[in-house]
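See below for the structure under consideration.
From a predicted model like this one, the values you see are computed outputs, not experimental measurements. Order of appearance sets the numbers: ligands from 1, and atoms from 1 within every ligand.
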Amino acid sequence: MGRKRIGILTSGGDCPGLNAVLRGASRAAEKLGWELIGFKDGFEGLLPPGDHVLLDRSATAGIMHLGGTILGTVNKGHFVARVGAGGQVVIPPEIIAGARQTFKSLGLHAIIVIGGNGSLGTALQLHEEGFPVVGVPKTIDNDLEATARTFGFDSAVACVADALDRLHTTATSHKRVMVLEVMGRHAGWIALHGGLAGGADVILIPEIPFEFEKIAEEVMRRDREGAKSTMIVVAEGASPKDGRQQRHQTASGEHRLGGIAEIVGREVGERTGKEVRTCVLGHLQRGGAPTTLDRILGTRFGVKAIQLIRDEKFGSMVSYQNYLTLDVPISHAVHKLRRVSPNCQMVETARAVDISFGN
Ligand code: F6P
């Protein structure tokens, strides 16, 4: 096989493990005698003339443990997949033409897109427009259909567990109720796993609507049993039964979730008379070094992406199933979110160790 040049980009919200993917892909490409170039700032780097850097061994040495992405990323930009009439992803034709120009002028053989739901939707459309594309699933939310795991999730969960450990000591000293709001968008994976790992007493997730009264009862029950604190983890997308998600619209028209911890804190405080404090963990969950698991998963995903290109499996995405890196069509991953099933084994396990879901 001749010397091929492959492009790679990181798109959407960053997450720990992205650099491990870049490093893994770079080394696997090198083994095949190929060259890997990284486009800067997500798909924006594909705009002519193509803002890129060479990702050879020296450029990717010593980056695996770094959070974020050395290539930069954007959530918005010229390629943002707009949702058209039929729920279709639509990138403006002139932007696609520009990407095609870059692709040709740089003599690319294929492009690897590392992204979440939205970015993989963009990747899918590029593929449908004739670009040889391979996807790598990325998100701390772990909410992508067609893969059992995304890298970044474990690091976010570790951050939640660490926050709970810290909040627990202060909550116990003051005999308080502590409410910790975590990320995850419309899926409760981070709250569920982080809450379980950090010894939470109550976990509130979008998939199980909660009742304030039930949470208050749990706090009082614990109080009667002599517990010195109650730790509540609430996912940013969780909502009360008959209530709605807390979201606000930004100046650019974007909807952002957030604010539910404050409401849970207030309602529980009023019902129990206990002192309550709230904490919003925010982007701490996305920053910092990846866990060992995410470094390994990222490396495996990067290597697999190169193998998919070698095998000419364009339009496919790396997928993690039963401890193996496999592949699935990108289309299987982007049209539906993978959410927590209220009766799944993890929820059952959590209930078995006395965790309440406020329902
Ligand atoms: O999808 C990842 C995520 O971190 C969500 O959990 C969160 O709601 C969102 O991105 C935050 O996005 P931004 O960085 O644009 O504020």
Starting from [atom], find the nearest protein heavy-atom neighbour and note its residue, name and distance.
atom	answer
atom 9 (C) of ligand 1	Arg185 NH2, 3.6 Å
atom 6 (O) of ligand 1	Asp141 OD1, 2.7 Å
atom 3 (C) of ligand 1	Arg286 NH1, 3.5 Å

Open item on the list: Using a strict threshold of under 4.0 Å (side-chain N to carboxylate O), is an ion pair present between Arg185 and Glu236?
Closed with: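 Salt bridge between Glu236 and Arg185, a charged N being under 4.0 Å from a carboxylate O: no.
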Task: Pair Glu348 + Arg351, salt bridge at N-O below 4.0 Å - done: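 No, this pair does not count.
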Open item on the list: Can you confirm, on distance only, whether ligand 1 has an N/O atom lying under 3.5 Å from any N/O atom belonging to Thr139?
Closed with: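 In fact, backbone or side chain, Thr139 has no N or O that close.
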Open item on the list: Measuring only between side-chain heavy atoms, which start at C-beta, is Leu308 closer than 4.5 Å to Val318?
Closed with: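 Yes, side chains in contact.
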- [ ] Decide if atom CD of Gln345 counts as having more than 12 heavy atoms of other residues, nucleotides or ligands within a radius under 6.0 Å.
- [x]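 Not more than 12 within 6.0 Å, no.
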Where ligand 1 meets [X] - atom numbers and elements under 4.0 angstrom, heavy-atom basis:
X	answer
Glu236	5 (C), 6 (O), 7 (C), 8 (O)
His283	13 (P), 14 (O), 16 (O)
Arg256	16 (O)

Open item on the list: Run the salt bridge (Lys or Arg N to Asp or Glu O under 4.0 Å) test on Glu35 and Arg3 for me, step by step, so that the C-alpha distance in whole Å, both residues' side-chain angles and the decisive distance to 0.1 Å come before the verdict.
Closed with: CA-CA 7 Å; Glu35 182 178 90; Arg3 184 166 177 82; 3.6 Å; yes
Task: Arg310 to Trp34, cation-pi by 6.0 Å centre distance and 45° axis angle - done: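 Because its charged atom misses either the 6.0 Å distance or the 45° angle limit, Arg310 does not stack over Trp34.
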TODO: Could you grab the distance from atom CG of Leu55 to atom CG of Asn19, nearest 0.5 Å is fine?
DONE: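 CG of Asn19 is found 9.5 Å from CG of Leu55.
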- [ ] Pick one of side chain, backbone, both or neither for how Asn75 approaches ligand 1, counting any non-hydrogen atom pair under 4.0 Å.
- [x]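 Under 4.0 Å from ligand 1, Asn75 contributes side-chain atoms alone.
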Open item on the list: Tell me whether ligand 1 is touched by Gly184 - counting only heavy atoms on the residue side and a distance under 4.0 Å.
Closed with: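 Yes, Gly184 has heavy atoms under 4.0 Å from ligand 1.
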Open item on the list: Any atom of ligand 1 sitting under 4.0 Å from a heavy atom of Ile140?
Closed with: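 Yes; Ile140 lies near enough to ligand 1 that a heavy-atom distance drops under 4.0 Å.
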